[in-house]
Engineer: 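The structure that follows is given in the form of structure tokens.
Order of appearance sets the numbers: ligands from 1, and atoms from 1 within every ligand.
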Amino acid sequence: MRIFDPHIHMTSRTTDDYEAMAAAGVRAVVEPAFWLGQPRTSVGSFTDYFDALVGWEPFRAGQFGVRHHATIALNPKEANDPRCRPVLDVLPRYLEKDGVVAVGEIGYDSMTPEEDEVFAAQLALAVAHDLPALVHTPHRDKVRGVERSLSVVAESGIEPGRVVLDHLNEVTVKLVRDTGCWLGFSIYPDTKMSPPRMVELLRTYGTERMLVNSAADWGRSDPLLTRATGEAMLLAGFSDDDVDRVLWRNPTEFYGQSGRLDLADDEATEPTFAGNSILRGGS
Ligand SMILES: [Zn+2]
């Protein structure tokens, strides 16, 4: 089973995790820039973090044979802090870097007017830099958060096929399914999605444009839940090809739209992979 985790915060994980992930079949990851918990008080804290996401972390991942890519943005929560707003001015520099495959995580936390502005500004950056966008949907007031996110996405003019709405569940999946956007699901040990719940969603809605991630970070989370979801799919009667589509080809296709995915070796070693010309455009 080859696995591409399209949303995981490796900065907050140990090398033991990399080792276990590699053994479980995780060959590639995307690490979105996010809120670190401790408030950041200056732009310098962000640039050091972004530099780590495009420099140190890919190096660390590489030691375990894992391809590491990043998405860069001012996260929704810190969009509300006036000390962090100037981060928007340094983003264009990062959005040109090789390992950066999308603008993200953007979207809503508490749905404030500040978040509205920063969300729209960053979708415009995605369009200007010809990158996909990773939209985090809020954990509270989820339905309204998803509805509002979809209208901001529509207003921005970005092509829906270049947007993923993440952290969806049984309720919000219905709002996104027919919009042309991609659907992201974060599998957690005890809250949000579990592998059996994810399998039910795949049964109901099919495998097209569906992305499964662990969203593992500093909190209670598990970077091997992508693998557990693949196993649960097989037990439920999905084929190896279905699993490969959800856990490898879908994230590859979505982030491949950046032209910057670097998976050359993995493509060559996987005879069942049908190939995707998008991937060969970049790097
Ligand atoms: Zn995240």
Engineer: Is the NZ or CZ atom of Arg148 positioned over Tyr108's six-membered ring, under 6.0 angstrom from the centre and within 45° of the axis?
Structural biologist: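 Yes - Arg148 lies over the ring of Tyr108, closer than 6.0 Å to its centre and within 45° of its axis.
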Engineer: Is the distance between the Zn ion (ligand 1) and the nearest N/O/S atom of His136 smaller than 2.8 Å?
Structural biologist: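 Short answer: no, not a single N, O or S atom is under the cut-off.
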Engineer: May I ask you to check whether His167 brings an N, O or S atom to under 2.8 Å from the Zn ion (ligand 1)?
Structural biologist: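 So His167 does not count as coordinating the Zn ion (ligand 1).
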Engineer: Of all N/O/S atoms in Glu105, which lies nearest to the Zn ion (ligand 1)?
Structural biologist: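 Output for this pair reads OE2.
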Engineer: Calculate the angle formed at the Zn ion (ligand 1) by NE2 in His9 and NE2 in His7; 10° precision is enough.
Structural biologist: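 Rounded to 10°, it measures 100°.
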Engineer: With Phe34 as reference, evaluate Glu105, His7, Lys77, Glu78 under the side-chain contact (heavy atoms from CB on, under 4.5 Å) test and give the passing residue.
Structural biologist: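 Testing each of Glu105, His7, Lys77, Glu78 against Phe34, the sole residue satisfying side-chain contact (heavy atoms from CB on, under 4.5 Å) is Glu105.
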Engineer: Specify the closest pair of heavy atoms between Val243 and Gly230, including all atoms of both residues, with the distance to one decimal.
Structural biologist: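 Scanning both residues, the minimum pair turns out to be CG2-O, 3.8 Å.
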Engineer: Decide yes or no on side chain to side chain contact (heavy atoms under 4.5 Å, CB included) for Met233 and Met198, but give the supporting numbers first.
Structural biologist: CA-CA 9 Å; Met233 285 178 71; Met198 188 65 227; over 6 Å; no
